[in-house]
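Being a predicted model, the structure only gives us computed values, none of them experimental.
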Amino acid sequence: MTVMPRPSILSVEPYVGGESKIPGVNRIVKLSSNEGAFGPPPGAIEAIRAMAGEAHRYPDGGAKAIREAIGARFGLDPARIVVGNGSDELLALLILAYGGEGTELVMSAHGFLMYEITGRWAGCRIIKVPEKNLTTDVDGMLAAVGPRTRLVFLANPNNPTGSILPQSEVDRLRAGLRDDILLVLDSAYAEYVTRPDYDAGAKLVDASGNTVMTRTFSKIFGMGGMRLGWCYAPAAVVDVLSRVRGPFNVNAAAMAAGIAALAEKGWVETSVAHNTEWRGKVSAGLTAAGIKVWPSEGNFVLADFGDAARAKAADEAMKQRGLIVRAMASYGLGSCLRITIGNAEECSMVIEALTAFMAQNG
């Protein structure tokens with residue numbers, strides 16, 4: 001007999017990250033994974049180096065120092081913060097703890113793939129709700145909820161579409177859900193949002209016992225390779241996560257780097273200003289070239305070429321120039337490419353490459 005996993009495991013399609021290499025090309029500009037435009041803050045780099053000599057020591061299993069640093073930075077109770085090996089780990093733990101066989105997980109049609117992947121792993125039935133103009137449809141989400149629904153996921157801003165729901169709609173979603181349904185607000189791109197009415201989720205967490213906000217150091221803090229994420233949750237959810245997470249789930253260097261990154265003066269403000277400026281310039285440049293660009297509140301834009309063949313051809317043309325972006329077929333958006341906002345030179349290269357492509361293929 002062959003050893004077999006649970007049937008739901010075999011329904012999982014492995015997650016495929018953004019490409020990072022092109023055979024035969026020396027200089028690569030990687031704009032496929034929404035990594036920070038400037039890399040990690042200098043203080044975080046020094047913190048990582050300083051921890052090298054302590055690599056034989058186990059990290060603090062309670063993550064006390066990093067939780068206190070996060071709490072101080074964002075005005076949150078450290079006792080209600082849980083850190084993880086990237087926010088992906090925390091999303092998975094929430095799904096495994098509150099979902100499972102016989103339950104349902106509701107998400108938008110073009111939501112982050114890890115919700116579906118981990119939900120299938122857990123044995124949940126995944127319900128994907130069609131979007132309106134690539135934006136989460138709150139009425140559709142509420143209509144999709146059934147007696148077995150236990151989890152609803154909302155990325156706000158959403159990856160890969162870049163769309164955002166106004167706070168009134170997020171509040172309406174929470175108000176329309178039963179008390180036994182956990183609403184997870186994935187706010188990985190929160191720091192990039194400049195809208196005055198935006199709240200990353202802390203207010204809803206404080207107002208209810210069934211909402212969790214997840215955040216990450218992988219985007220604006222440029223620490224994707226260190227794998228550091230966190231969530232803010234009701235005390236009862238924190239208790240559950242503390243029971244199921246690994247005893248040393250976050251490494252010491254990542255925690256030290258996170259503390260230093262939070263203390264880096266002006267880092268967030270400079271990064272936001274750059275992102276806002278160049279997201280606008282890239283959007284305008286691609287639009288002028290004849291490419292539809294969907295509105296985005298993240299550190300990326302979604303370029304729509306109208307059909308899958310043209311998007312594929314554009315992707316190949318960019319690769320010939322050493323530019324790696326993210327094809328979106330796995331998200332059901334075959335006509336689109338997601339392009340991270342890099343530094344000024346990289347963004348200019350994108351505009352030039354796609355302007356030339358459209359001149360030849362428009």
S.K.: Given the rule in the salt bridge (Lys or Arg N to Asp or Glu O under 4.0 Å) test, do R321 and E352 qualify, once you have shown the distances and angles that lead to the verdict?
M.R.: CA-CA 10 Å; R321 294 173 177 246; E352 179 184 352; 3.8 Å; yes

S.K.: Any ion pair linking E191 and R215 (charged N to carboxylate O, less than 4.0 Å)?
M.R.: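 Yes, this pair counts.
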
S.K.: Give me the atom names and distance for the closest heavy-atom approach of A311 to L337.
M.R.: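 Shortest heavy-atom separation between A311 and L337 comes out as O-CD1, 3.8 Å.
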
S.K.: Hey, does W278 have a side-chain heavy atom less than 4.5 Å from the side chain of S348?
M.R.: yes

S.K.: Are L105 and V244 joined in one hydrophobic group, where the rule is that I, L, V, M, F, W and Y side chains link up if heavy atoms are under 4.5 Å apart?
M.R.: yes

S.K.: Side-chain contact, heavy-atom cut-off 4.5 Å: W230 with T214?
M.R.: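 No. Closest side-chain heavy atoms not under 4.5 Å.
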
S.K.: Just how far is it from atom NZ of K219 to atom OH of Y192, taken to the nearest 0.5 Å?
M.R.: 8.0 Å

S.K.: Would F112 and F153 count as a ring pair (Phe, Tyr, Trp, His ring centres under 6.0 Å) here? Give the steps.
M.R.: CA-CA 9 Å; F112 185 38; F153 276 77; 9.8 Å; no

S.K.: Ignoring hydrogens, what is the shortest heavy-atom contact between S163 and N156? Give both atom names and the distance.
M.R.: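 Looking at all heavy atoms of both residues, the shortest contact is O-OD1, 4.3 Å.
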
S.K.: Measure across P160 and R338 and return the closest heavy-atom pair with its distance rounded to 0.1 Å.
M.R.: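 Shortest heavy-atom contact: CB-CD, 3.9 Å.
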
S.K.: To the nearest 0.5 Å, what is the distance between CZ on R6 and CD on E101?
M.R.: 5.5 Å

S.K.: Measure the spacing between CE of M114 and CE of M107 and express it to the nearest 0.5 Å.
M.R.: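 Answer rounded to 0.5 Å: 11.0 Å.
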
S.K.: Is K312 salt-bridged to E316, cutoff N-O under 4.0 Å?
M.R.: no

S.K.: Do the side chains of I339 and L286 get nearer than 4.5 Å, heavy atoms only?
M.R.: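 In short, these two side chains touch, coming nearer than 4.5 Å.
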
S.K.: If I take atom CD from residue Q360 and atom CE from residue M358, how far apart are they, to the nearest 0.5 angstrom?
M.R.: 11.5 Å

S.K.: Shared ILVMFWY cluster between V29 and V350, side chains joined below 4.5 angstrom?
M.R.: yes

S.K.: Could you check whether any side-chain heavy atom of D239 comes within less than 4.5 Å of a side-chain heavy atom of S242, counting everything from C-beta outward?
M.R.: no

S.K.: Could you tell me whether R125 and E116 make a salt bridge, using a distance below 4.0 angstrom between a side-chain N and a carboxylate O?
M.R.: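 Here R125 does not pair with E116 in a salt bridge, since their nearest N and O are not under 4.0 Å apart.
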
S.K.: Pair I341, C347 - check side chain to side chain contact (heavy atoms under 4.5 Å, CB included), show working.
M.R.: CA-CA 6 Å; I341 301 302; C347 289; 3.8 Å; yes

S.K.: Can you tell if the side chain of R279 reaches within under 4.5 Å of the side chain of V301, non-hydrogen atoms only?
M.R.: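 The answer is yes; the side chains approach within 4.5 Å.
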
S.K.: Show me the donor-acceptor pairs, under 3.5 Å and distance only, between side chains in residues 69-84 and residues at least two apart or in other chains.
M.R.:
residue: R73; atom: NH1; partner: L262; partner atom: O; Å: 2.6
residue: D77; atom: OD1; partner: A79; partner atom: N; Å: 3.0
residue: R80; atom: NE; partner: A233; partner atom: O; Å: 3.0
residue: R80; atom: NH1; partner: D206; partner atom: OD1; Å: 3.2
residue: R80; atom: NH1; partner: Y232; partner atom: OH; Å: 3.3

S.K.: Do other residues, nucleotides or ligands put more than 12 heavy atoms under 6.0 Å from the CG atom of N133?
M.R.: no

S.K.: Whether the side chain of H274 engages the backbone of G342 through a donor-acceptor N/O pair (distance < 3.5 Å, no angle test) should be reported.
M.R.: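 A pair under 3.5 Å: yes.
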
S.K.: V240 versus Y98: any side-chain heavy-atom pair under 4.5 Å?
M.R.: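 Answer yes - side chains close enough.
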
S.K.: Does a salt bridge link D139 with R172, judged by any charged N lying under 4.0 Å from a carboxylate O?
M.R.: yes

S.K.: Could you check whether atom CZ of R195 has more than 12 heavy atoms from other residues, nucleotides or ligands sitting under 6.0 Å from it?
M.R.: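 More than 12 heavy atoms, drawn from other residues, nucleotides or ligands, come within 6.0 Å of this atom.
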
S.K.: First locate atom CE of M255, then atom CE of M51, and finally report the distance between them rounded to the nearest 0.5 Å.
M.R.: 8.0 Å

S.K.: Using the side chain to side chain contact (heavy atoms under 4.5 Å, CB included) rule, take L134 and L333 through it: C-alpha gap first, then chi angles, then the decisive distance, then the call.
M.R.: CA-CA 10 Å; L134 296 193; L333 297 167; 3.9 Å; yes

S.K.: By ring pair (Phe, Tyr, Trp, His ring centres under 6.0 Å), which residues pair with F305, not counting sequence neighbours?
M.R.: none

S.K.: With sequence neighbours left out, write down each residue that passes side-chain hydrogen bond (donor to acceptor under 3.5 Å, both in side chains) with T103, or none if nothing qualifies.
M.R.: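 Applying side-chain hydrogen bond (donor to acceptor under 3.5 Å, both in side chains) to T103 gives none.
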
S.K.: Clusters formed by hydrophobic residues whose side-chain heavy atoms approach within less than 4.5 Å: which one holds L177, and what are its other members?
M.R.: V106, I127, V129, V138, M141, L142, V145, V152, L154, L165, V170, L173, I181, L183, L185, L204

S.K.: Check whether more than 12 heavy atoms from other residues, nucleotides or ligands sit under 6.0 Å from atom CG of D197, and answer yes or no.
M.R.: yes

S.K.: Within a radius of less than 6.0 Å around CH2 of W294, do more than 12 heavy atoms belonging to other residues, nucleotides or ligands occur?
M.R.: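 For W294, atom CH2 is crowded (more than 12 foreign heavy atoms under 6.0 Å).
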
S.K.: Using a distance-only test with no angle check, is there a side-chain donor-acceptor pair under 3.5 angstrom linking N158 and T161?
M.R.: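 The criterion, which ignores hydrogens and geometry beyond distance, is satisfied for T161 and N158.
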
S.K.: So which heavy atom on A261 is nearest to which on P41, and how close?
M.R.: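 Between these two residues, the closest heavy atoms are CB-CG, 3.9 Å.
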
S.K.: Following the transitive rule for hydrophobic clusters with a side-chain heavy-atom cut-off under 4.5 Å over Ile, Leu, Val, Met, Phe, Trp and Tyr, establish whether I117 and L151 coincide in one cluster.
M.R.: yes

S.K.: Show every donor-acceptor pair shorter than 3.5 Å between a side-chain atom in residues 88-96 and any protein atom, with sequence neighbours excluded, or say none if there are none.
M.R.:
residue: E89; atom: OE1; partner: N85; partner atom: N; Å: 2.6
residue: E89; atom: OE1; partner: N249; partner atom: ND2; Å: 3.1

S.K.: Walk me through whether T149 and R178 qualify under side-chain hydrogen bond (donor to acceptor under 3.5 Å, both in side chains).
M.R.: CA-CA 9 Å; T149 303; R178 300 191 311 270; 5.5 Å; no

S.K.: Not counting sequence neighbours, which residues clear side-chain hydrogen bond (donor to acceptor under 3.5 Å, both in side chains) with Y115? List them please.
M.R.: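 Listed in chain order: D186.
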
S.K.: Where do S335 and D307 land on the side-chain hydrogen bond (donor to acceptor under 3.5 Å, both in side chains) test, with the steps shown first?
M.R.: CA-CA 4 Å; S335 67; D307 65 69; over 6 Å; no

S.K.: Quick check: do E131 and D137 have side-chain heavy atoms less than 4.5 Å from each other?
M.R.: no

S.K.: Give a yes-or-no answer on whether the side chains of S208 and N210 include a donor-acceptor pair shorter than 3.5 Å.
M.R.: yes

S.K.: So is K265 actually on top of W267's ring, under 6.0 Å and inside 45° of the axis?
M.R.: no

S.K.: State, to 0.1 Å, how close A65 and D60 come at their nearest heavy-atom pair, and which atoms those are.
M.R.: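 Closest pair (atom of A65, atom of D60, distance): N-OD2, 4.4 Å.
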
S.K.: May I ask you to check whether N34 and R326 show a side-chain donor-acceptor distance below 3.5 Å?
M.R.: no

S.K.: Do the side chain of Q167 and the main chain of Y198 share a donor and acceptor less than 3.5 angstrom apart?
M.R.: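 Checked: no pair found.
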
S.K.: Measure the spacing between CD1 of I259 and CZ of R67 and express it to the nearest 0.5 Å.
M.R.: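 It comes to 11.0 Å.
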
S.K.: Begin with the C-alpha distance, continue with both residues' side-chain angles, and end with the deciding distance and a verdict on side chain to side chain contact (heavy atoms under 4.5 Å, CB included) for L302 and V293.
M.R.: CA-CA 6 Å; L302 188 69; V293 180; over 6 Å; no

S.K.: Given the rule that I, L, V, M, F, W and Y join up when any side-chain heavy atoms are under 4.5 Å apart, are I66 and I45 in one cluster?
M.R.: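 No; I45 is not reachable from I66 via cluster members.
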
S.K.: Heavy-atom count around R57 CZ within 6.0 Å, excluding the residue itself: above 12?
M.R.: no

S.K.: Are F217 and V268 connected in the hydrophobic side-chain network, where two residues link if heavy atoms are under 4.5 Å apart?
M.R.: yes

S.K.: Can you find a heavy atom in the side chain of C336 that is under 4.5 Å from one in the side chain of Y331?
M.R.: no

S.K.: Which heavy atom of G258 sits nearest to which heavy atom of M223, and what is that distance?
M.R.: N-CE, 3.7 Å

